[in-house]
Amino acid sequence: MTVFSVPDMTCGHCKASVTTTLSQLKDIGAITVDLTTRQVEITGTAPQTAVIAALDEIGFPATLIAAS
């Protein structure tokens with residue numbers, strides 16, 4: 001499990017955009033987006049840099065919080 005902070009997410013449209021974008025990446029498992037904490041949790045083996053780059057590309061800068 002890897003957790004990212006995505007502070008610019010504020011609404012359901014943001015959540016949908018983030019989910020759609022991440023689901024298109026190779027080696028992504030489950031995706032959980034929490035608008036209250038503005039965090040995204042993913043499973044799978046996608047590189048953290050790829051996740052951050054994909055989110056940045058759609059206007060949602062992200063930072064890594066935790067990885068296991």
Side-chain angles (χ1 to χ4, degrees):
M1 169 183 64
T2 308
V3 182
F4 299 89
S5 172
V6 188
D8 293 342
M9 293 187 307
T10 59
C11 66
H13 183 270
C14 298
K15 181 177 180 175
S17 294
V18 166
T19 302
T20 299
T21 297
L22 294 182
S23 67
Q24 295 172 0
L25 293 177
K26 184 179 178 187
D27 299 323
I28 289 282
I31 303 165
T32 304
V33 177
D34 186 330
L35 289 176
T36 303
T37 62
R38 296 185 179 170
Q39 294 181 354
V40 176
E41 179 182 305
I42 63 166
T43 61
T45 59
Q48 298 162 4
T49 54
V51 172
I52 291 172
L55 292 174
D56 190 51
E57 189 174 305
I58 62 166
F60 292 103
T63 55
L64 178 67
I65 295 176
S68 56

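- Within the 3.5 Å criterion, the main-chain N or O of Thr20 finds a donor-acceptor partner in the side chain of Ser23.
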List the atom pairs, with distances to 0.1 Å, where a side-chain N or O of residues 35-62 and a protein N or O form a donor-acceptor pair under 3.5 Å, not counting sequence neighbours.
| residue | atom | partner | partner atom | Å |
| --- | --- | --- | --- | --- |
| Arg38 | NE | Met9 | O | 3.0 |
| Arg38 | NH1 | Pro7 | O | 3.2 |
| Thr43 | OG1 | Ala30 | N | 2.7 |

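- Residues Leu64 and Leu22 fall within the same hydrophobic cluster, defined by Ile, Leu, Val, Met, Phe, Trp and Tyr side chains chained together at heavy-atom separations under 4.5 Å.
- Panel note: side chain Ser68, backbone Met1; a donor-acceptor pair is recorded below 3.5 Å.
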Assess whether side chain to side chain contact (heavy atoms under 4.5 Å, CB included) is satisfied between Ile31 and Val33, documenting all intermediate values. CA-CA 7 Å; Ile31 303 165; Val33 177; 4.1 Å; yes
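- For the pair Thr21/Val18, no side-chain contact is recorded, criterion being any heavy-atom separation below 4.5 Å from C-beta on.
- When the side chains of ILVMFWY residues are joined at heavy-atom separations under 4.5 Å, either directly or via intervening members, Val3 and Ile28 end up in two distinct hydrophobic clusters.
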